[in-house]
Amino acid sequence: MTSGNGRTIDREMWRLALPALGALLAEPLFLIADSAIVGHLGTAELAGLSVASAVLLNAVMLCIFLAYGTAATVARRAGAGDVRAALTQGIDGIWLAIAIGIALLVVGFPLAPALVDLFGTSAEATPHAVVYLRISLLGVPSMLVVLAATGVMRGLKNTRTPLLAVAVAAAANVVLNLLLVYPAGLGVAGSALGTVLAQTGAAVWLAAVVVRDARAQGAPLRPDRAGVLAAATAGIPLLARTALLRLTLLWMTFVATAQGDVSLASHQIAYTLWFLLSTAPEAFAIAGQAMVGHALGASDRAGARSIAGRAIAWGLGTGLAVAVLLVVLRAAYVPLFTADIAVQDLVWSLAVVVAATQPVGATVYVLDAVLIAAGDGRYLAVTMFAAFAVFLPLAALVLATDAGVVALWWALVAWLLARLVTITWRYRSGAWLRVGATV
């Protein structure tokens with residue numbers, strides 16, 4: 001690939017982004033399938049699933065650095081022409097995922113009732129939540145292996161295999177859930193078990209592909225203590241960044257809850273739209289990260305900057321297109337979420353704010369990925385703290401004045417803008433253009 005060849009960059013970016021988008025969209029199918037199947041068991045069962053899923057989601061999202069951090073280190077090594085070293089680091093990342101997954105299982109299993117109680121779960125839903133959470137924890141090591149193995153493959157510019165594995169696992173999850181919940185009569189436990197089996201299958205599949213490639217390159221498969229510790233140390237800034245992100249979203253939910261049931265329901269719909277629509281620019285972020293990592297590993301500063309520019313353009317374009325559709329199509333999709341007129345009215349207004357987040361958020365996602373590829377995790381952690389410092393008083397003001405959920409979402413826009421300003425400054429400075437196999 002020649003530096004500045006826009007068409008060549010775009011072709012490769014789309015080749016990586018489309019499968020990545022498919023994988024990102026397939027992942028929510030696990031929760032959607034579980035919710036749809038368990039929902040027919042009863043309200044208490046569905047409420048238990050909701051609480052348990054919230055605990056699991058937060059735990060797994062904190063470990064997202066296993067995908068993004070691993071992808072960055074593998075891409076730089078591969079870009080430098082040392083595929084064996086790239087796969088060695090990938091194997092270390094997988095061993096780290098296994099270790100973290102086992103630790104979360106060991107700690108989380110006895111604490112499951114206490115974790116469920118933190119959400120103020122009803123007496124009827126609590127037993128179902130505890131059962132679902134404890135069984136699902138058995139699948140956490142597999143979930144984290146999927147993250148790490150996906151990171152390895154992204155770093156090697158392979159986004160098709162993760163798509164295939166996740167898609168097959170999502171389909172298997174539906175079949176297993178239906179069989180275990182109803183004919184087998186296991187109820188909520190069957191739903192959790194089916195998901196664990198599907199996730200384990202995906203983990204074995206992806207890990208087997210990485211092991212095959214590692215053997216072909218002569219890379220060691222045994223855990224290397226120094227390598228695993230290095231992967232863990234490198235992931236600390238990204239873990240801090242993600243923890244601050246999750247804290248922001250949790251604080252947002254807390255403030256929305258205090259506004260009343262109508263506001264909370266409207267907030268949940270807006271958040272669902274925001275989360276779902278972020279997958280399109282996120283796909284370009286994933287593609288851009290892999291390509292920028294390769295370019296930096298190959299000591300191609302001009303190529304890295306060109307790739308980053310194209311990724312930003314595609315991400316921003318996607319965000320703008322989604323923003324327009326969100327506003328124009330409100331009459332079509334708002335009634336699909338709720339028949340409550342009060343909630344519909346709020347969502348109608350919130351859609352405008354969610355639309356405003358799209359181009360800003362899309363640019364932030366891509367720039368985030370570029371700086372992760374450049375090894376700028378510490379800078380990103382600091383900027384996330386700065387953005388949180390902007391958001392916290394604004395959200396507190398909404399809480400104190402009862403300004404409403406629309407004002408709360410404008411506070412989120414301010415949070416995104418704070419991230420955009422700080423990350424754009426770093427990008428324009430060129431300080432992130434550090435080349436070589438390692439940072």
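Since the model is a prediction, treat every value here as computed from it, not as a measurement.
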Heavy-atom distance under 4.5 Å between the side chains of Val196 and Ser142, does that happen here?
-> no
Any donor-acceptor pair under 3.5 Å from Tyr132 side chain to Ser191 backbone = no
Side-chain contact test, heavy atoms from C-beta onward, threshold under 4.5 Å: evaluate it for Met153 versus Thr150 and give yes or no.
-> no
What class does the angle between the rings of Trp274 and Tyr271 fall in, given that below 30° is parallel, 30 to 60° is tilted and above 60° is perpendicular?
-> tilted
Aromatic plane relationship, Tyr379 with Trp425 - under 30° parallel, 30 to 60° tilted, over 60° perpendicular | parallel
Hey, does the side chain of Thr422 reach the backbone of Arg419 with a donor-acceptor pair shorter than 3.5 angstrom?
-> yes
Tightest non-hydrogen contact, residues Ala189 and Val131, listed as CB-CG1, 3.8 Å
Would a distance-only check, ignoring hydrogens and angles, find a side-chain to backbone donor-acceptor pair under 3.5 Å from Gln344 to Pro335?
-> no
Using a 4.5 Å cut-off on heavy atoms from C-beta on, say whether the side chain of Leu221 contacts that of Ile91.
-> yes
When Ile102 is tested against each of Ile100, Leu104, Val106 for side chain to side chain contact (heavy atoms under 4.5 Å, CB included), which residue passes?
-> Val106
Pro141 vs Gln199 side-chain heavy atoms within contact, under 4.5 Å | no
Validation row: Val188, Leu49 side chains within 4.5 angstrom (heavy atoms) = no
Flag if over 12 foreign heavy atoms under 6.0 Å of CZ, Phe275 | no
Scanning both residues in full, the closest heavy-atom pair of Thr161 with Trp205 reads CG2-NE1, 4.4 Å
With a 4.5 Å limit on heavy-atom distance, are the side chains of Asp368 and Arg241 in contact?
-> yes
How far apart are the C-alpha atoms of Thr248 and Leu392, what are their side-chain angles, what is the distance that settles it, and do they pass the side-chain contact (heavy atoms from CB on, under 4.5 Å) test?
-> CA-CA 8 Å; Thr248 300; Leu392 187 61; over 6 Å; no
Taking all non-hydrogen atoms of both residues, which atom of Pro281 and which atom of Val366 are closest, and how far apart?
-> O-CG2, 4.1 Å
Check: Val421 main-chain N/O paired with Thr424 side-chain donor or acceptor under 3.5 Å = no
Passes side-chain contact (heavy atoms from CB on, under 4.5 Å), Thr126 versus Val116? Steps please.
-> CA-CA 7 Å; Thr126 292; Val116 169; 4.2 Å; yes
What distance do Leu408 atom CG and Met252 atom CE have between them, rounded to the nearest 0.5 Å?
-> 4.5 Å
Residue Phe254 excluded, over 12 heavy atoms near CZ under 6.0 Å = no
Measure across Ser263 and Val405 and return the closest heavy-atom pair with its distance rounded to 0.1 Å.
-> O-CG2, 3.9 Å
Correct closest heavy-atom pair for Ala17 and Ala287 would be N-CB, 3.9 Å
Nearest-0.5 Å distance that lies between atom CD1 in Ile98 and atom CG in Leu144 | 10.0 Å
Can any side-chain N or O of Arg134 pair as donor or acceptor with the backbone N or O of Phe109 at less than 3.5 Å?
-> yes
Classify the angle between the aromatic ring planes of Tyr427 and Trp432 as parallel (below 30°), tilted (30 to 60°) or perpendicular (above 60°).
-> parallel
Might you confirm whether atom CZ of Arg378 has over 12 heavy atoms from other residues, nucleotides or ligands at distances under 6.0 Å?
-> no
Are the side chain of Thr159 and the backbone of Leu16 linked by a donor-acceptor contact shorter than 3.5 Å?
-> yes
Hey, is CZ on Arg160 packed in by over 12 heavy atoms from elsewhere, all under 6.0 Å?
-> no
Without swapping roles, check the side chain of His294 against the backbone of Leu156 for a donor-acceptor pair under 3.5 Å.
-> no
Stepwise side-chain contact (heavy atoms from CB on, under 4.5 Å) test for Leu273 and Leu350 | CA-CA 10 Å; Leu273 288 168; Leu350 281 172; over 6 Å; no
Is any side-chain heavy atom of Phe65 closer than 4.5 Å to a side-chain heavy atom of Leu96?
-> yes
Tell me whether the guanidinium CZ or amine NZ of Arg154 lies under 6.0 angstrom from the six-membered ring centre of Tyr68 and within 45° of its axis.
-> yes
Between Arg77 and Asp82, is there a donor-acceptor pair closer than 3.5 Å when you use the side chain of the first and the backbone of the second?
-> no
Could you tell me which non-hydrogen atom of Leu147 sits nearest to which non-hydrogen atom of Cys63, and how far apart they are?
-> CD1-O, 3.6 Å
Which value, rounded to the nearest 0.5 Å, describes the distance between Thr242 atom OG1 and Met384 atom CE?
-> 7.0 Å
Rounded to the nearest 0.5 angstrom, the CG-CZ distance for Asp92 and Arg225 is 13.5 Å
With rounding to the nearest 0.5 Å, note down the distance linking OG1 in Thr357 to CH2 in Trp415.
-> 10.0 Å
Heavy-atom side-chain contact between Leu138 and Leu105 under 4.5 Å = yes
Determine yes or no for a side-chain-to-main-chain donor-acceptor pair under 3.5 angstrom, with Arg434 supplying the side chain and Ala374 the backbone.
-> yes
Please check if the side chain of Asn173 supplies one atom and the backbone of Ala169 the other of a donor-acceptor pair under 3.5 Å.
-> no
CD1 of Ile37 to CG of Asn177: how many Å apart, nearest 0.5 Å?
-> 4.5 Å
side-chain contact (heavy atoms from CB on, under 4.5 Å) between His267 and Trp409, worked out = CA-CA 9 Å; His267 166 74; Trp409 272 81; 3.1 Å; yes
